[in-house]
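Okay, so here's the structure we're looking at.
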Amino acid sequence: MVCSAAPLLLLALPLVGSPVVQASQPGQSQAGGKSGSGPLLDQESEAEESVLVSVYVHLDFSDKTWPPAVSRTLDLPAASASSAPRPLLTGLRLTTECHVNHEGYFYCACLSGYQWNTSICLHHPPCQSPHNHQPCGCLIFSHPEPGYCQLLPPGSPVTCLPAVPGILSLNSQLQMPGDTLSLTLLLSQEATDLSWFLRHPRSPSPILLQPGTQVSVTSSQGQAALSITNMSSHWAGEYMSCFEAQGFRWSLHKVVKVTLKATDVARLPVRLSISCATSPGFQLSCCIPSTNLVYTVAWSPGEGSRAFSFNESGSECFVLAVQRCPAADTTYTCDLQSPGLAPLRVPIYITIIQDGDITCPEDFSVLTWNVTKAGHVAQAPCPESKRGTVRRLCRADGVWGPINSSCTDTRLLALFARAKLLQAGQGRPAEEVPQILAQLPGQAAEASSPSDLLILLSTMKYLANVVAKARIQLDRSVLKNLLITTDKVLDMDTGSLWTLAQARKPWAGSTLLLAVETLVCSLRPQDQPFAFSLPNVLLQSQLFGPTFPADYSISFSTQPPLQAQIPGHSLAPLVRNGTEISITSLVLRKLDHLLPSNYGQGLGDSLYATPGLVLVISIMAGDRAFSQGEVIMNFGNTDGSPHCVFWDHSLFQGKGGWSKEGCQAQAASASPTARCLCQHFTAFSVLMSPHAAPEEPALALLTQVGLGASILALLMCLGVYRLVWRVVVRNKVAYFRHAALLNMVLCLLAADTCFLGAPLLPPGPRSPLCLAAAFLCHFLYLATFFWMLAQALVLAHQLLFVFHQLPKHRVLPLMVLLGYLCPLGFAGVTLGLYLPQGQYLREGECWLDGKGGAFYTFVGPVLAIVGVNGLVLAMALLKLLRPSLSEGPPAEKRQALLGVIKALLILTPIFGLTWGLGLATLLEEVSTIPHYIFTILNTFQGVFILLFGCLMDRKVQEALRKRFCHAQAPNTTISLATNESYILEHSKGGSDTAR
């Protein structure tokens, strides 16, 4: 340090004498103050006591240099034994060195073995940057008599080093990529103000480590620990644990090295096709990030080549200049070696163009493209100040393809890396987030590639995550930088930037929306109210105290004009104990066209038109965000059928999508505008569909009447079975047939009752009752058809194996499994698969979504069962047309099969045509006629089962006549509306008649 005034010395004077001498030393009160008063080391004996005291001594050296003799301990002659007991000076020791600058400030630094007391450190600024975080070593004083550095607590008498009140250990000094680093601090004294820091290689300032996505910090009595997951080269360096103990600031250090992995090595090119005739030589390079490990490179093959290296922007590059072109295809290897580590080998593939090969010619447009073999990708370096590669495919016909660039501005990449490490746990978010946001407007203005845009959006996303987790409050200037950046991003060219960026990441627009939503809510209360307007961004933020207006309303001069209102009853529950409420309203133009076309339940897969803007409303009460509340919005005049929607970031595996949940369109009283009422706060818009589903009141009434009639018919069917059951199930085939029909009646009755009562429940996936109703309806309706399948399979068995008896104790359990377990599996899988995607429930109803895959898990099995019934019908026709002599009398067989055919011809249209029309109703621009036919056939199924499955059965009719009219039924009958054939019974009766 250059001195502009006389240097000073502070000396420690070891004195020998009586203990009383300590208290009478005149220099103690001057030099020590609170931190330096009293003895630092006492050694008692019977005759005398040696006391180490510090006295302030001002020595003026005219030549501004320290005499060498003063820089070491000066030992003085000991007093003779005959001397009278008095203090004796036995040595001088330099403790503190001060320099005075031209302004009169004293820069005082401690020498080895001494340190400032913590209380002095807190009252004086340090000489170095406050982010150095080294133990208090140099301080700035303004008074002419600065304090002195104190002797550190004594340690081992052998080493004479101070006793550090802690031990720092780590699991491994050498970390592999992806490993978890663990550092543990064991304390022998009570410690406070514990912090962890990391100093990167070749970086002068350490970085504060705080809990993040990779960093976790824990502490307990006498112990503290730091854990870092997924280690990489960004986490290599010197780790420091700084804390206060025994009145001093301590710092313990551990150096951690992280090996490189193959993806850390940047190769240029990765593959190269070259013509030796036009390019006899070429260059290969592999670059690695700066690290605290020493790497050397060995190229293979290296004959006839020259290798060299250079450093640039935090990277070390190794280059191989091949001066003689190889005769055949060759794989060069960049072999990176570090002592004690396995070599890291990275290949570079060279393809030699031979005579007759199809090639793409040289092209000097924008970049230089050499002759390249067909089917290969040519690579070129990025322009200066950008990082990445430019690729171009040489097609199979020898024509160049389009240029694909991954070049990204190096300054933007540096901001991205800082933001990502902030989220991981490196740095000070409150200081660095505003710094990064201040640089983003300039980077957004200079963005020239899709990679620039995607990196910019990712940087904003990481900053939003950091702000939300650390609960950082931003001032107006920082928020203006964010809004300017957002405006420039929304104004970027759609064709050259956004379209290509969305081809790589379709959810890029959703990333921007989420980042802006999060950051605009972080405005400091003292900076409100705040309004800011740009061509694509309009913001209004207002702060309310315990008293607020009855209704909060806001309007924006957009095209179409936009208005929003929050009723007072939605705000009243938020004001408690004097809490201030901040309401932020943000309009983003053009963003709705940049969001992916993902539509949640009730919206289908059609493309919708949007008004060109998105409204974001957020409410903060203190430091808490509230998402539930009523908001009324008017989006102006719209064409088509409006759907009030919001952007749900949780849909489609976190990529986001439009959802109607909690929002509904209302008819405006004054003009044909899109008026929306929503029960939550988030990002809203309006979707206009040119094809609206027919909303006919008559359909709803017809559905209710049909379901009511069906329920009454099914109850009558149960009553009939209660009366005639024992009569109609006297053989096994009849038992199986009527058991299946009875279970169909029970399932359909329960399903119709559930479906009829479902509109009374609150709709939406957040309603457990609505979910339960949809699940039960799905299961019960499917069970109805699976019991129909069981009936058809029993019938098919009787057609194929006429004389084979079916054991009841085996067949009935199989029918139960088929009738209930299979539909339960379909319903459960559908719920688990489509509910997380938001495609399970139909909008506003407790039934399966007709536009998603959930509905097809119902219609698919139904149509498959109808197809099986059709096969059974075809098999019956073949049996009827080609009778076998071994199966019994042909006449009786034809008569039985005729009854089967009649039954199938009645049941198949009822249960099959219904859901064929159900699929037709899902088509766009469909007329209302299929809707009416489907409703009639679907809701009146119970009536059809009563008529054709029960009352038209001859045995049922005879049993009813016998019970009510006491009429005698004939001995042998064949039912024309049943699925059993009674073949065994007729065969036996026919044989008796013949005899």
So do [Y] and [X] actually touch side chain to side chain, heavy atoms under 4.5 Å?
X: Ile358; Y: Asp397; answer: no
X: Val256; Y: Leu170; answer: yes
X: Val587; Y: Val614; answer: no
X: Leu456; Y: Met492; answer: yes
X: Asp452; Y: Ser448; answer: yes
X: Asn292; Y: Val258; answer: no
X: Leu482; Y: Ile484; answer: no
X: Leu320; Y: Tyr332; answer: yes

Test log, rule side-chain contact (heavy atoms from CB on, under 4.5 Å), inputs Arg199 and Met240: CA-CA 8 Å; Arg199 179 185 283 112; Met240 295 179 288; 3.9 Å; yes
So which heavy atom on [X] is nearest to which on [Y], and how close?
X: Gly509; Y: Leu591; value: O-CD1, 3.9 Å
X: Leu479; Y: Leu519; value: CD1-O, 3.8 Å
X: Ser659; Y: Asp648; value: CB-CB, 4.1 Å
X: Pro289; Y: Leu260; value: CG-CD2, 4.0 Å
X: Ser451; Y: Ser405; value: OG-O, 3.7 Å
X: Leu457; Y: Ala508; value: CD1-O, 3.7 Å

Stepwise side-chain contact (heavy atoms from CB on, under 4.5 Å) test for Thr331 and Ile350: CA-CA 6 Å; Thr331 299; Ile350 306 300; over 6 Å; no
Cationic N near anionic O, under 4.0 Å, Asp487 to Arg589: no
Salt bridge flag under 4.0 Å for residues Asp409 and Arg411: yes
Enclosure of [X] [atom1] (heavy-atom neighbours >12, cutoff 6.0 Å):
X: His234; atom1: NE2; value: no
X: Lys386; atom1: NZ; value: yes
X: Arg324; atom1: CZ; value: no

Verdict with supporting geometry, Gln426 and Arg418, side chain to side chain donor-acceptor pair (under 3.5 Å): CA-CA 8 Å; Gln426 287 192 30; Arg418 286 180 61 188; over 6 Å; no
Do [X] and [Y] have side-chain atoms, one donor and one acceptor, less than 3.5 Å apart?
X: Trp299; Y: Thr333; value: no
X: Glu517; Y: His649; value: yes
X: Asn465; Y: Gln423; value: yes
X: Thr372; Y: Arg392; value: no

From CA spacing to verdict: side chain to side chain donor-acceptor pair (under 3.5 Å), Asp357, Thr359: CA-CA 6 Å; Asp357 289 342; Thr359 60; over 6 Å; no
Worked verdict on Ser510 versus Trp647 for side-chain contact (heavy atoms from CB on, under 4.5 Å): CA-CA 8 Å; Ser510 181; Trp647 188 259; 3.0 Å; yes
Qualifying disulfide bond (SG atoms under 2.5 Å apart) pairs, either residue in residues 384-452, two or more places apart: Cys360-Cys394, Cys382-Cys407
Exam field: side chain [X] to backbone [Y], donor-acceptor pair closer than 3.5 Å:
X: Thr410; Y: Ser385; answer: yes
X: Thr330; Y: Ala328; answer: yes
X: Thr368; Y: Phe364; answer: no
X: Ser338; Y: Leu341; answer: no
X: Gln210; Y: Gly427; answer: yes
X: Thr511; Y: Trp507; answer: yes
X: Trp498; Y: Val489; answer: yes

Sole candidate of Val537, Leu586, Leu490 that passes side chain to side chain contact (heavy atoms under 4.5 Å, CB included) when paired with Val516: Leu586
With Trp235, the side chain to side chain contact (heavy atoms under 4.5 Å, CB included) member among Ile228, Thr229, Leu181: Ile228
Cysteines Cys325 and Cys276 with SG distance under 2.5 Å: yes
Nearest 0.5 Å, what's the [atom1]-[atom2] distance between [X] and [Y]?
X: His376; Y: Arg391; atom1: NE2; atom2: CZ; result: 14.0 Å
X: Leu367; Y: Gln379; atom1: CG; atom2: CD; result: 12.5 Å
X: Lys505; Y: Leu453; atom1: NZ; atom2: CG; result: 10.5 Å
X: Glu446; Y: Lys488; atom1: CD; atom2: NZ; result: 10.0 Å
X: Ser290; Y: Ile288; atom1: OG; atom2: CD1; result: 8.0 Å
X: Asn404; Y: Ser449; atom1: CG; atom2: OG; result: 12.0 Å

Leu168 and Tyr239: CA distance, side-chain angles, deciding distance, side-chain contact (heavy atoms from CB on, under 4.5 Å) verdict: CA-CA 10 Å; Leu168 183 62; Tyr239 285 82; 5.7 Å; no
Expected list for residues 171-180: side-chain donor-acceptor pairs under 3.5 angstrom, two or more places apart:
from, atom 1, to, atom 2, distance (Å)
Asn171, OD1, Gln175, NE2, 3.2
Asn171, OD1, Ser182, N, 3.3
Asn171, ND2, Thr180, O, 2.9
Ser172, OG, Leu174, N, 3.4
Ser172, OG, Leu174, O, 2.8
Gln173, NE2, Val255, O, 3.4
Gln175, NE2, Ser172, O, 2.8
Asp179, OD2, Met176, N, 3.0

Do any side-chain atoms of residues 263-274 form donor-acceptor pairs under 3.5 angstrom with protein atoms, and if so which ones, sequence neighbours left out?
from, atom 1, to, atom 2, distance (Å)
Asp264, OD2, Lys261, N, 3.0
Arg267, NH1, Pro347, O, 2.7
Ser273, OG, Lys373, N, 3.0

Aromatic ring pairing Tyr462/Phe416, orientation class (parallel under 30°, perpendicular over 60°, tilted between): tilted
Parallel, tilted or perpendicular: ring planes of Trp369 versus Trp400, cut at 30 and 60 degrees: tilted
